[in-house]
Amino acid sequence: MRTSPRPTSVEARVERGFRFEVLRHSPATGFIPEPVDLRVLPGPREAIRAIRVQLRASHVLGLTPRETARALYWADQGGWVQALGALHRGEPCGFTLLLRKGRHIEWHVRPLLHLTLTHSTPLQCAKQSISSRTP
């Protein structure tokens with residue numbers, strides 16, 4: 001038995017979020033940015049937490065001792081506080097580390113507005129799809 005398509009209601013919401021991106025630049029690619037990580041996070045704390053976690057693990061990236069100290073200082077002591085304040089003010093923030101052999105890696109967080117589309121009544125839509133399958 002054929003059933004006609006049922007109209008589904010979709011709810012559109014404009015939400016605030018934070019674009020989190022990590023880019024790597026190297027001479028091998030002509031310093032064209034290579035995306036390493038890209039996400040939209042719900043709040044400034046989540047975005048700063050993501051940077052801090054990645055910076056703490058960045059010693060495996062081949063950092064010099066000076067850059068390792070900078071990364072750990074930013075993640076554990078002072079830099080992240082100013083970055084969190086900037087995001088709360090609606091300003092972007094970021095951090096850059098120099099790697100060996102002329103490469104560098106950048107973390108950027110930018111406030112943004114994004115559109116979220118959801119079914120306005122997900123339970124009702126699920127019930128409709130189940131009831132349409134019964135003979």
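Heavy-atom minimum distance, R103 versus P27: CG-CD, 3.8 Å. When all heavy atoms of R16 and H114 are compared, the closest pair comes out as O-NE2, 4.0 Å. Heavy-atom minimum distance, L41 versus A47: CD1-CA, 3.5 Å. When all heavy atoms of A86 and P92 are compared, the pair lying nearest together is CB-O, 4.2 Å.
Residues I105 and L23 fail the side-chain proximity criterion, which asks for heavy atoms closer than 4.5 Å. With contacts defined as side-chain heavy-atom distances shorter than 4.5 Å, the pair L98/T64 does not qualify. Here the side chains of H119 and S9 are not in contact, with every heavy-atom distance at 4.5 Å or above.
A distance of 5.0 Å separates CG of D37 from CD of Q54, quoted to the nearest 0.5 Å. Between T116 atom OG1 and E15 atom CD the span is 3.5 Å, to the nearest 0.5 Å. Between atom CG of residue L87 and atom CH2 of residue W80 there is a gap of 12.0 Å, rounded to the nearest 0.5 Å. With rounding to the nearest 0.5 angstrom, the CD atom of E34 is 11.0 Å from the CZ atom of F31. Interatomic distance, F20 CZ to H108 NE2, rounded to the nearest 0.5 Å: 11.0 Å. In this structure, R70 CZ and T96 OG1 are separated by 7.5 Å, a value rounded to the nearest 0.5 Å.
Note on L99: it clusters hydrophobically with I51, by side-chain heavy-atom contacts below 4.5 Å among ILVMFWY residues. Put simply, I48 and L38 are part of two different groups of oily side chains (I, L, V, M, F, W, Y) that touch within less than 4.5 Å, one to the next. A chain of hydrophobic side-chain contacts below 4.5 Å, direct or via other Ile, Leu, Val, Met, Phe, Trp or Tyr residues, connects V81 to F18. Put simply, V40 and L115 are part of two different groups of oily side chains (I, L, V, M, F, W, Y) that touch within less than 4.5 Å, one to the next.
Atom CZ of R66 has 12 or fewer neighbouring heavy atoms from other residues, nucleotides or ligands inside a 6.0 Å radius.
Relative ring orientation between F95 and W107 is described as tilted, the plane-to-plane angle lying within the 30° to 60° band.
With R24 contributing its side chain and H104 its backbone, the two residues share no donor-acceptor pair below 3.5 Å. Not a single donor-acceptor pair under 3.5 Å links the side chain of R56 to the backbone N or O of D76.
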